[in-house]
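Take a look at the structure below.
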Amino acid sequence: MMLEMLDTVSRWAVPFLLLVIPVYGFLKRLPVYETFVEGAEEGFYTAVKIIPFLVGMLVAISVFRASGAMDYAIQLIMPLMQKLGAPAEVMPLALMRPLSGSGALGLATELIKIYGPDSLIGRMASVMQGTTDTTFFVLTVYFGSVGIKRYRYALFTGLSADITGLIASIYVCNLLFK
């Protein structure tokens, strides 16, 4: 019964919002269509503005992986991560997640396909995806697109949050699923 209700709510949530928001705007006598077009135009310009930062980030990630630096970093942190209870298979995901959301999603998808969604590795990959963020992506693309040049504290805070999320996901998954 509960699953049916959740399925129904999730199926109708977006269409409901797509109906309610314009109706609310109309009732408030706002120019709904014109406001939508204005927002879409701003979104287009923002997308064009972030392209150079996005390309730079993607090139940096490719160089990081192709040079072998990622493999070296994995080998360097592996002893500590194994003491914390992290399987070796999730280490590439742990390193890729702060760099690229799509790269990390690809690695997580591969882990889930190989080991299954209900395995410790599959669950740990899923929890890592949900508890960490793409810190370097955010700093280069979003901060760069709005002209923020001094982001030392944001880098420290983002990486601290990523490390905390990584350790928490390892701990919680080992506690609940091992």
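- Atom CG in Leu139 sits 8.0 Å away from atom CG in Leu159 (nearest 0.5 Å).
- In terms of heavy atoms, Arg97 sits closest to Gln129 at NH2-O, 3.0 Å.
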Donor-acceptor contacts under 3.5 Å from residues 80-95 side chains, at least two apart:
none

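- A continuous path of hydrophobic side-chain contacts links Leu176 to Met124 [ILVMFWY only; heavy atoms under 4.5 Å].
- For the atom pair CD1 of Ile112 and CD1 of Ile121, the computed distance is 11.0 Å after rounding to the nearest 0.5 Å.
- Rounding to the nearest 0.5 Å gives a distance of 12.0 Å between OH of Tyr72 and CD1 of Ile77.
- In Glu34, the CD atom is crowded: over 12 heavy atoms of neighbouring residues, nucleotides or ligands sit closer than 6.0 Å.
- Rounded to the nearest 0.5 angstrom, Thr134 OG1 and Met96 CE are separated by 12.0 Å.
- Taking Ile, Leu, Val, Met, Phe, Trp and Tyr as hydrophobic and joining them when side-chain heavy atoms fall under 4.5 Å apart, one finds Val63 in a cluster with Ile51, Val55, Val59.
- Phe156 and Ile148 are members of different hydrophobic clusters when ILVMFWY side chains are connected at heavy-atom separations under 4.5 Å.
- Put simply, CH2 on Trp12 and CG on Leu17 are 13.0 Å apart, with the number rounded to the nearest 0.5 Å.
- Rounding to the nearest 0.5 Å places CG of Asn174 at 5.5 Å from CG of Leu120.
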Give every donor-acceptor pair under 3.5 Å between a side-chain atom in residues 98-111 and any protein atom, sequence neighbours left out.
| from | atom 1 | to | atom 2 | distance (Å) |
| --- | --- | --- | --- | --- |
| Ser100 | OG | Ser102 | OG | 3.4 |
| Ser100 | OG | Gly103 | N | 2.9 |
| Thr109 | OG1 | Leu105 | O | 2.7 |

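- Hydrophobic clustering keeps Ile114 apart from Val127 (ILVMFWY residues linked when any side-chain heavy atoms are closer than 4.5 Å, directly or through intermediates).
- In this structure a side-chain-to-backbone donor-acceptor pair under 3.5 Å is missing from Asp133 to Asp162.
- Through ILVMFWY side-chain contacts below 4.5 Å, Leu30 is grouped with nothing and stands alone.
- Residue pairs meeting the ring pair (Phe, Tyr, Trp, His ring centres under 6.0 Å) criterion with at least one member in residues 84-140, sequence neighbours excluded, are Phe137-Tyr142.
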Only pairs under 3.5 Å count here: list side-chain donor-acceptor contacts from residues 164-172, not counting sequence neighbours, and write none if there are none.
| from | atom 1 | to | atom 2 | distance (Å) |
| --- | --- | --- | --- | --- |
| Thr164 | OG1 | Ser160 | O | 2.8 |
| Ser169 | OG | Gly165 | O | 3.2 |
| Ser169 | OG | Leu166 | O | 2.8 |

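- The cluster map of Ile, Leu, Val, Met, Phe, Trp and Tyr, joined by side-chain heavy atoms under 4.5 Å apart, puts Val138 and Val146 in the same cluster.
- One hydrophobic cluster holds both Leu175 and Met128 under the rule that ILVMFWY side chains link at heavy-atom gaps under 4.5 Å.
- Annotation: side chain of Leu19 is not in contact with side chain of Pro22 (no heavy-atom distance under 4.5 Å).
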Using the rule given for side chain to side chain contact (heavy atoms under 4.5 Å, CB included), can you reason through Phe36 versus Val32, listing the C-alpha separation, both sets of side-chain angles and the distance that settles it, and then say yes or no?
CA-CA 6 Å; Phe36 170 77; Val32 176; 5.6 Å; no
